[in-house]
There are 2 protein chains.
Amino acid sequence: MANKVKFERENVIRVASQLFWEKGFIATSTRDLQEAINMRPGSIYAAFGSKEGLYSESLKDYTVQMKSQIDGFLASSDTVVGGLRAFVENVIIKTKDCSPSAICMLVKANSEFAEKDASLYELSLDLSAKFEAYLTTLFAQAIKNNELSSNLTALEYAQFFQVQFTGLRGYFNRPRVEQLAQPMINQMFALIKKL
Amino acid sequence: MANKVKFERENVIRVASQLFWEKGFIATSTRDLQEAINMRPGSIYAAFGSKEGLYSESLKDYTVQMKSQIDGFLASSDTVVGGLRAFVENVIIKTKDCSPSAICMLVKANSEFAEKDASLYELSLDLSAKFEAYLTTLFAQAIKNNELSSNLTALEYAQFFQVQFTGLRGYFNRPRVEQLAQPMINQMFALIKKL
DNA sequence: TTTGATTTTGAGCGACTGTTCAAGTTAAAA
DNA sequence: TTTTAACTTGAACAGTCGCTCAAAATCAAA
């Protein structure tokens with residue numbers, strides 16, 4: 001009995017995610033989405049309930065992708081800090097031009113849904129908190145490995161990392177000579193080791 | 001002969017600026033604006049040409065306000081770095097709750113107008129460049145006064161400042177115990193003096 | 001007071017928005 | 001092959017968007 005679904009859910013979410021990341025939630029119309037993911041309104045609403053539902057899935061998927069990207073760099077690096085550094089270089093320098101936006105999708109979400117009661121605002125806060133917790137475990141490992149001093153707690157290192165990383169991405173959102181990026185990343189990691 | 005304009009142009013722009021800063025360009029409807037600035041469509045379009053025209057004026061006014069705010073703190077401080085510090089503390093801690101957004105309006109604009117040919121994108125880039133140039137003159141003065149070493153150029157200090165400041169504002173956009181803000185600002189300025 | 005250029009008003013235009021749903025299509029079960 | 005539940009389609013809805021413009025209101029000059 002029944003028919004099978006034609007679309008591949010994961011792939012659809014990933015494509016939608018790119019579009020939402022680039023244009024933001026409000027500026028992405030359902031017609032834009034229809035074309036990008038090749039689905040008609042009825043199917044989209046049957047599968048995701050609403051534009052908000054699809055965005056919600058997209059934002060969650062984004063954080064999963066980010067974490068798995070970091071895990072990949074950690075796996076091919078001797079140290080935790082080295083892995084994070086490779087990740088930062090990859091985001092700011094190497095994948096800058098093929099990325100929908102220089103700015104983290106979570107940061108964009110946090111600034112778009114400023115109205116404090118919206119459910120997408122709650123979601124973006126929740127995902128941000130979980131990402132910080134994930135980073136904290138990484139820095140805890142780095143301290144344990146004696147890569148970093150224990151002058152700061154793992155959480156404080158994670159906070160410092162986020163401030164630096166967000167700041168750099170915001171700065172290199174504006175077009176600049178890319179020669180500036182590498183020295184500023186070097187500076188960031190030199191500072192981390194001196195904290 | 002003729003009639004006089006009823007509205008005060010500067011005041012109208014300032015109110016519109018607050019609304020645009022909070023909600024973004026796209027999410028702010030012309031009806032929202034009509035209510036906020038108490039003008040009917042015909043008057044708005046006679047005075048500013050379009051929604052884009054009013055936003056453009058609002059963004060320019062925002063940077064003027066920021067600069068004059070910094071100048072104010074500089075005037076009541078012994079040192080350039082002290083003035084900048086007072087400014088940062090004012091933005092992140094003191095005026096956090098009465099500000100339309102924790103995130104700089106220019107940064108929001110830069111991330112909203114990602115399509116590279118739009119005129120508002122060009123404007124936000126131009127204003128960002130001018131603001132960086134302004135900061136650079138301040139740091140040049142700080143170096144001249146021996147407040148800061150000359151290991152870095154004035155431009156490099158300005159870049160560092162912007163990365164830190166943008167990063168901190170992005171971080172404290174998410175709700176957190178405000179006790180975290182002051183130590184992180186202290187850290188920022190401790191780092192600047194050690195560069 | 002009359003004149004007439006200027007400003008303000010707000011109903012309304014065409015385009016676009018997120019979403020719905022009846023009709024059509026599909027394929028596993030009978 | 002027939003049945004039937006699940007899935008897909010796309011026309012269409014009610015609402016909102018940025019914006020226009022004829023008409024009303026305003027006030028300095030004559």
Side-chain angles (χ1 to χ4, degrees), chain A residues 1-13 15-59 109 112-115 117-121 123-124, chain B residues 1-13 15-59 109 112-115 117-121 123-124:
Chain A
M1 51 181 153
N3 195 357
K4 280 199 212 156
V5 295
K6 290 260 175 56
F7 64 93
E8 300 164 35
R9 191 174 173 91
E10 282 202 6
N11 192 51
V12 160
I13 290 173
V15 172
S17 184
Q18 299 277 310
L19 204 59
F20 277 130
W21 184 5
E22 182 186 339
K23 309 184 68 162
F25 175 70
I26 302 169
T28 305
S29 74
T30 51
R31 268 105 185 151
D32 290 338
L33 288 165
Q34 285 169 42
E35 196 172 353
I37 68 183
N38 194 31
M39 286 174 74
R40 258 38 62 195
S43 296
I44 297 177
Y45 281 77
F48 302 102
S50 64
K51 179 186 173 184
E52 189 169 319
L54 178 53
Y55 182 88
S56 167
E57 295 290 301
S58 299
L59 193 60
E112 187 169 4
F113 310 118
E115 295 151 39
D117 51 358
S119 77
L120 288 182
Y121 178 72
L123 176 67
S124 72
Chain B
M1 49 184 147
N3 196 355
K4 278 199 214 159
V5 294
K6 289 259 176 54
F7 65 94
E8 298 163 35
R9 191 176 174 91
E10 282 201 8
N11 192 52
V12 159
I13 291 173
V15 172
S17 184
Q18 298 277 311
L19 204 59
F20 277 131
W21 184 7
E22 181 186 340
K23 309 185 67 160
F25 175 70
I26 303 169
T28 305
S29 74
T30 51
R31 269 109 184 150
D32 290 337
L33 288 165
Q34 285 168 43
E35 195 172 353
I37 68 184
N38 193 31
M39 286 174 74
R40 260 39 62 196
S43 296
I44 297 177
Y45 281 78
F48 301 102
S50 63
K51 179 186 172 185
E52 189 169 320
L54 178 51
Y55 182 87
S56 167
E57 294 291 300
S58 299
L59 193 60
E112 186 169 4
F113 309 119
E115 295 152 39
D117 50 359
S119 77
L120 288 181
Y121 177 72
L123 175 66
S124 71

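Naming convention: chains lettered A, B, ... in sequence-line order (proteins, then strands); numbering from 1 in each chain. Keep in mind that this is a model prediction, so the values were computed, not measured.
Distances were taken from every side-chain heavy atom of A:Thr30 (C-beta onward) to each of C:dG10, C:dT19, D:dT9; the shortest belongs to C:dT19.
A residue-by-residue look at A:Asp32 and A:Pro41 shows that A:Asp32 has its nearest nucleotide of DNA chain C further toward the 5' end.
For the pair A:Ile26 CD1 and C:dC16 C1', the computed distance is 15 Å after rounding to whole Å. Straight-line distance from the CD1 atom of A:Ile44 to the P atom of C:dT20: 13 Å, rounded to whole Å. One atom, CZ of B:Arg40, and another, C1' of D:dC21, lie 17 Å apart when rounded to the nearest Å. Between B:Met39 atom CE and C:dG10 atom P the separation is 13 Å, expressed in whole Å. Between the CD atom of A:Glu35 and the P atom of C:dG18 there is a distance of 14 Å, given to the nearest Å. Rounded to whole Å, atom C1' of D:dT8 lies 12 Å from atom CD of A:Gln34. Computed from coordinates, the B:Arg31 CZ to C:dT9 C1' distance equals 14 Å when rounded to whole Å.
With contacts defined as side-chain heavy-atom distances shorter than 4.5 Å, the pair B:Leu54/B:Phe20 qualifies. The shortest side-chain heavy-atom distance between B:Tyr55 and B:Leu33 does not fall under the 4.5 Å cut-off. Using a 4.5 Å heavy-atom threshold, the side chains of A:Ile44 and A:Ile37 count as touching. Counting only heavy atoms from C-beta outward, the side chains of B:Leu59 and B:Ser124 approach each other to under 4.5 Å. The side-chain heavy atoms of A:Val12 and A:Glu8, taken from C-beta on, include no pair separated by under 4.5 Å. At least one side-chain heavy atom of B:Phe48 sits under 4.5 Å from a side-chain heavy atom of B:Arg9.
Using a 4.0 Å cut-off on heavy atoms, none of the residues of residues 48-59 of chain B approach DNA chain C.
Remark: B:Ser29 is in phosphate contact with D:dC17, judged by side-chain N or O atoms under 4.0 Å from OP1 or OP2. The phosphate of C:dT19 (OP1 or OP2) has a side-chain N or O of A:Tyr45 nearer than 4.0 angstrom.
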